[in-house]
Amino acid sequence: MKQFINLETNLISKWYGNEIDIFLEESDTRDRIELLSLLSEKVEELIMNDLQLITEGYISEVIHNSINKIDYNELLDYYIS
């Protein structure tokens with residue numbers, strides 16, 4: 001598994017790598033800006049779905065704050081190469 005610059009990006013790749021792979025393979029576009037936008041929406045959707053199962057407020061807040069630290073450029077470079 002690739003080591004990304006920050007912990008948040010590493011964890012997203014570890015937890016959702018298969019979903020990201022499938023999502024990008026099935027994507028109809030190759031425009032980088034559009035892919036970045038679609039990828040960030042997809043990852044946030046996956047996170048929010050998982051957060052429905054977490055009832056602890058502190059953990060939920062930490063995860064919400066971490067979303068802004070994900071490096072989607074790094075994810076995109078890794079998964080489309």
Side-chain angles (χ1 to χ4, degrees):
M1 184 174 104
K2 174 172 171 37
Q3 291 296 308
F4 295 95
I5 290 174
N6 65 35
L7 175 64
E8 293 81 8
T9 308
N10 277 319
L11 293 174
I12 292 303
S13 181
K14 180 178 180 178
W15 290 330
Y16 303 119
N18 290 336
E19 288 94 340
I20 292 171
D21 238 354
I22 292 167
F23 175 75
L24 291 173
E25 283 178 19
E26 294 176 349
S27 177
D28 293 334
T29 185
R30 289 291 152 218
D31 178 71
R32 184 168 183 86
I33 302 298
E34 190 173 353
L35 279 174
L36 285 170
S37 176
L38 294 171
L39 178 59
S40 68
E41 288 174 11
K42 179 64 177 176
V43 168
E44 289 181 28
E45 176 187 314
L46 291 167
I47 292 169
M48 293 306 163
N49 286 338
D50 284 349
L51 279 178
Q52 292 176 4
L53 306 174
I54 298 175
T55 58
E56 183 62 44
Y58 171 76
I59 295 170
S60 177
E61 187 173 334
V62 168
I63 293 171
H64 276 283
N65 290 336
S66 296
I67 290 173
N68 295 330
K69 298 177 184 177
I70 300 168
D71 188 334
Y72 294 104
N73 278 303
E74 264 198 301
L75 286 173
L76 190 57
D77 287 343
Y78 178 71
Y79 284 98
I80 63 171
S81 62

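Note: hydrogens, waters and symmetry copies are ignored here, and every other heavy atom, side chains too, is used. These numbers come from a predicted model, not from an experiment.
Under the side chain to side chain donor-acceptor pair (under 3.5 Å) criterion, Asp77 pairs with Arg32, sequence neighbours left out.
Atom CG of Asn18 has 12 or fewer heavy atoms from other residues, nucleotides or ligands within 6.0 Å. Applying the 6.0 Å contact sphere to CG of Asp28 captures no more than 12 heavy atoms from other residues, nucleotides or ligands.
When atom types are taken as modelled, the side chain of Glu74 and the backbone of Thr9 share no donor-acceptor pair closer than 3.5 angstrom. With Ser13 contributing its side chain and Asn10 its backbone, the two residues share no donor-acceptor pair below 3.5 Å.
Taken together through direct or relayed side-chain contacts under 4.5 Å among Ile, Leu, Val, Met, Phe, Trp and Tyr, Ile5 and Tyr79 form parts of separate hydrophobic clusters. Residues Ile22 and Ile20 do not share a hydrophobic cluster, clusters being chains of Ile/Leu/Val/Met/Phe/Trp/Tyr side chains in contact below 4.5 Å. Two different hydrophobic clusters hold Ile33 and Leu24 under the rule that ILVMFWY side chains link at heavy-atom gaps under 4.5 Å.
Closest of all the heavy-atom pairs between Leu39 and Leu76 is CD2-N, 4.1 Å. Among all heavy-atom pairs drawn from Ser40 and Ser37, the shortest one is OG-O, 2.9 Å. The two residues Leu46 and Glu19 have their closest heavy-atom pair at CD1-CB, 3.9 Å. Contact between Glu25 and Arg30 at its shortest, heavy atoms only, is O-NH2, 4.3 Å.
In this model, a donor atom of one side chain and an acceptor atom of the other lie less than 3.5 Å apart for Glu34 and Thr29.
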Checklist entry - Between His64 and Leu51, is a side chain to side chain contact (heavy atoms under 4.5 Å, CB included) present by the stated rule, with each step listed? => result CA-CA 9 Å; His64 276 283; Leu51 279 178; 3.4 Å; yes
Next on the checklist: side chain to side chain contact (heavy atoms under 4.5 Å, CB included) for Glu45 and Met48? Distances and angles first, verdict last.
Outcome noted: CA-CA 5 Å; Glu45 176 187 314; Met48 293 306 163; 5.9 Å; no
Checklist entry - Could you go step by step and tell me if Asp71 and Phe4 meet the side chain to side chain contact (heavy atoms under 4.5 Å, CB included) rule? => result CA-CA 9 Å; Asp71 188 334; Phe4 295 95; over 6 Å; no
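In this structure, Ile80 CD1 and Leu35 CG are separated by 6.5 Å, a value rounded to the nearest 0.5 Å. Taken to the nearest 0.5 Å, the OG atom of Ser27 stands 6.0 Å off from the CG atom of Leu38. Distance check: Tyr72 OH to Ile12 CD1 gives 6.5 Å after rounding to the nearest 0.5 Å. We find the CG-CG distance between Leu11 and Asn6 to be 9.0 Å, quoted to the nearest 0.5 Å. How far CD of Glu26 is from CG of Asp21: 10.5 Å, rounded to the nearest 0.5 Å.
Put simply, the side chain of Tyr16 does not reach to within 4.5 Å of the side chain of Leu75, judged on heavy atoms.
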